[in-house]
Amino acid sequence: MNKKLNRGELRILDICRDIELLNEQLYRHFAVLFSDDRELKALWTKTANEEANHAQQFELAIRAQK
């Protein structure tokens, strides 16, 4: 089945991507705040990277529809 998303559905994906990017920024900020604690910095950096990956997944889904 080759379903195309409508404009509203694509907009939701855009918003989801943007939220993931904002979360990434937040977690990178936490990584800086906790830069003196190697474990916490690693945790926040890993979490930020996961959010960036989620944003890329939404971007891929959006591009696949255009």
Side-chain angles (χ1 to χ4, degrees):
M1 184 160 109
N2 193 8
K3 165 100 169 82
K4 289 288 187 178
L5 299 176
N6 65 40
R7 228 181 245 181
E9 292 164 333
L10 283 171
R11 181 65 187 129
I12 290 170
L13 291 180
D14 280 333
I15 291 168
C16 290
R17 180 203 54 221
D18 293 347
I19 290 169
E20 297 290 354
L21 291 171
L22 289 170
N23 285 334
E24 177 194 4
Q25 290 177 7
L26 177 64
Y27 297 140
R28 292 204 189 284
H29 175 73
F30 288 163
V32 170
L33 285 179
F34 292 95
S35 60
D36 58 336
D37 184 321
R38 193 165 49 185
E39 284 185 26
L40 284 177
K41 180 181 180 182
L43 169 71
W44 291 121
T45 300
K46 179 181 182 296
T47 306
N49 291 339
E50 291 170 356
E51 297 300 327
N53 185 47
H54 296 161
Q56 290 171 352
Q57 291 171 3
F58 281 114
E59 186 62 34
L60 179 62
I62 293 164
R63 277 190 270 129
Q65 291 290 304
K66 293 183 176 178

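Throughout, numbering of the chain's residues begins at 1 and tracks the sequence.
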Answer yes if I12 and L10 sit in the same cluster of Ile, Leu, Val, Met, Phe, Trp and Tyr residues linked by side chain heavy atoms under 4.5 Å apart, and no otherwise.
no
Do you know the tightest heavy-atom contact between F58 and R17?
CB-CB, 3.8 Å
Using the ring of each side chain (for Trp, its six-membered ring), is F30 parallel, tilted or perpendicular to Y27, with breaks at 30° and 60°?
tilted
Whether the side chain of S35 engages the backbone of V32 through a donor-acceptor N/O pair (distance < 3.5 Å, no angle test) should be reported.
yes
Could you tell me the separation between the CD atom of E50 and the CD atom of E20, rounded to the nearest 0.5 Å?
10.5 Å
Distance, nearest 0.5 Å, that separates CD1 of I15 from CZ of R11
4.0 Å
From K4 NZ over to E9 CD, what is the distance, rounded to the nearest 0.5 angstrom?
12.5 Å
side-chain contact (heavy atoms from CB on, under 4.5 Å) evaluation trace for N49 with R28
CA-CA 9 Å; N49 291 339; R28 292 204 189 284; 2.7 Å; yes
Find the distance between CG (L60) and CD (Q65) and round it off to the nearest 0.5 Å.
10.5 Å
If you measure from CG on L40 to OG1 on T45, what distance do you get to the nearest 0.5 Å?
10.5 Å
CD on E51 to CD on Q56, rounded to 0.5 Å
12.0 Å
